[in-house]
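Accompanying notes for the structure given below.
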Amino acid sequence: MTTTTSAPETYSPVAETLGAVLSRESRPPRPGALSASATFGWRAMLKIKHVPEQLFDVTAFPIMMTLMFTYLFGGALAGSPGDYLQFFLPGIMVSSVVMITMYTGIEVNKDIERGIFDRFRTLPIWRPAPMVGYLLGDAVRYTLASIVILLVGLVLGYRPAGGFVGVAAAIAVLVAFSFAFSWIWTMFGLMLRSEKSVMGVSMMVIFPLTFLSNVYVKPETMPSLLRAFVEINPVSHVVSAVRALMAGTPATSELMWVLVAGVALIVVFGTLTMRLYNRK
């Protein structure tokens, strides 16, 4: 009876090196912070593609608000809707965009409830990328809402003395501030238990800030106590900056105030958001 024995395995440094190289090449490179954030921003845009009804808040709502306030209160407040529109349109642009920032927190809360955030946390990506992606996607919504309101205003007779440059600068300032302001709602989206809670808290904050401001009337016509609040209201400063840019007048002090406020919002609420995200 004969037995056969297999040849002993021999160590091959060439094969080991080749296997290591193939193993490294089979792994895709880790995405950078900008790439990961842009990917999550594109994900937010794809949501709109599949559920176009989400655009209602940036199209129909701003149009309704502009028409309603112009023709209901324009004659009483400025003598005619046309005269009131010159003052009112930059304000309603700011008000409408600030109002829709709360949907950032609602979308964050929805993804948490569905368990999607648990998957995000396991990915080898920059940790803030999902949050920044939400805000980048919403920045497109803010821009779209601003353009819709501007087009409605132009049809109704609004004429910005600042021209194209002034209007573009005003929209850029508004979108940048809204990006910073939205970090408040990402924090609430992580903190609160349901999307209804996020919406309720957001409305409690947004409504006083937008209605108790210089959006609809000049602060000079208000009682002293209310006027004091309006003058320190951050929304009032954004409105003043946007209004000045669209009118082609200097707005250095207001722009500096908006810049400082935006940086402070990102530093404070961005830090709180990421702490909550890491502990969630």
Side-chain angles (χ1 to χ4, degrees), residues 62 65-66 69-70 73-74 77-101 135 139-140 142-184 206 208-268:
M65 292 288 289
T66 304
F69 278 93
T70 298
F73 304 110
L77 296 176
S80 70
D83 292 338
Y84 183 62
L85 186 65
Q86 303 303 316
F87 169 84
F88 169 68
L89 189 122
I92 195 60
M93 181 184 293
V94 174
S95 178
S96 298
V97 173
V98 169
M99 280 187 177
I100 64 178
T101 58
L135 300 177
V140 177
Y142 306 152
T143 305
L144 180 60
S146 302
I147 293 174
V148 168
I149 294 174
L150 176 64
L151 292 177
V152 173
L154 292 174
V155 171
L156 297 180
Y158 176 74
R159 296 296 180 264
F164 175 81
V165 175
V167 170
I171 292 177
V173 169
L174 174 56
V175 172
F177 176 81
S178 299
F179 177 89
F181 193 66
S182 296
W183 281 102
I184 300 176
I206 289 177
L209 287 177
T210 53
F211 281 92
L212 301 180
S213 67
N214 60 352
V215 171
Y216 306 99
V217 295
K218 296 180 180 180
E220 291 79 5
T221 63
M222 303 176 185
S224 57
L225 185 61
L226 179 58
R227 179 179 176 180
F229 174 81
V230 169
E231 289 178 347
I232 63 172
N233 185 348
V235 174
S236 296
H237 289 279
V238 179
V239 171
S240 296
V242 170
R243 192 171 278 153
L245 288 171
M246 296 181 75
T249 57
T252 305
S253 61
E254 296 293 349
L255 288 174
M256 288 299 299
W257 197 100
V258 173
L259 175 62
V260 171
V263 172
L265 286 170
I266 293 175
V267 170
V268 174

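- Here the closest non-hydrogen pair linking G153 and L85 is O-CD2, 3.8 Å.
- Here the straight-line distance linking atom OG of S240 with atom CG of N233 works out to 10.0 Å at 0.5 Å rounding.
- A distance-only check finds no donor-acceptor pair linking the side chain of N214 to the backbone of P219 [under 3.5 Å].
- Taking 4.5 Å as the limit, some side-chain heavy atom of S96 sits within range of a side-chain heavy atom of I149.
- Judged purely by atom type and a 3.5 angstrom limit, E220 has no side-chain atom pairing as donor or acceptor with the backbone of R227.
- When the options V235, I184, T101 are evaluated for a side-chain contact (heavy atoms from CB on, under 4.5 Å) with I206, the one that passes is T101.
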ask   = Taking it one step at a time, do L265 and F177 satisfy side chain to side chain contact (heavy atoms under 4.5 Å, CB included)?
value = CA-CA 9 Å; L265 286 170; F177 176 81; 4.0 Å; yes
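- W257 and H237 have parallel rings, their planes meeting at less than 30° on a 0 to 90° scale where 60° marks the start of perpendicular.
- Looking only at distances, no side-chain donor or acceptor of S95 sits under 3.5 Å from a matching main-chain atom of G91.
- Closest of all the heavy-atom pairs between A247 and A161 is O-CB, 3.3 Å.
- In this structure, T66 and F88 approach most closely via the heavy-atom pair O-CE2, 4.0 Å.
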message = Walk me through whether V238 and E254 qualify under side chain to side chain contact (heavy atoms under 4.5 Å, CB included).
response = CA-CA 7 Å; V238 179; E254 296 293 349; over 6 Å; no
key: Worked verdict on L255 versus L245 for side chain to side chain contact (heavy atoms under 4.5 Å, CB included)   = CA-CA 10 Å; L255 288 174; L245 288 171; 4.0 Å; yes
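- Sorted by first and then second residue, the salt bridge (charged side-chain N to carboxylate O under 4.0 Å, His left out) pairs involving residues 168-181 (not counting sequence neighbours) form an empty list.
- A 4.5 Å side-chain heavy-atom check between V140 and L144 finds every atom pair outside the cut-off.
- Taken to the nearest 0.5 Å, the CD1 atom of I171 stands 5.5 Å off from the CG atom of L150.
- In this structure, the ring of F73 has its center no less than 6.0 angstrom from the ring center of Y216.
- Judged by distance alone, the side chain of S236 and the main-chain N or O of V230 form a donor-acceptor pair under 3.5 Å.
- Between F181 and L209 the shortest side-chain heavy-atom distance falls below 4.5 Å.
- Classification of the F179-W183 ring pair by plane angle, with boundaries at 30° and 60°, yields perpendicular.
- M246 is listed as a side-chain neighbour of M93, based on a closest heavy-atom distance under 4.5 Å.
- In this structure, G262 and A180 approach most closely via the heavy-atom pair O-CB, 3.4 Å.
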message = Using side chain to side chain contact (heavy atoms under 4.5 Å, CB included), reason through F87 and K218 one step at a time and then give a plain yes or no.
response = CA-CA 9 Å; F87 169 84; K218 296 180 180 180; 3.8 Å; yes
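- When every heavy atom of S213 is checked against every heavy atom of T210, the shortest pair comes out as OG-O, 2.6 Å.
- Summarising the geometry, atom CG belonging to L174 is positioned 8.5 Å from atom OG1 belonging to T143; distances are rounded to the nearest 0.5 Å.
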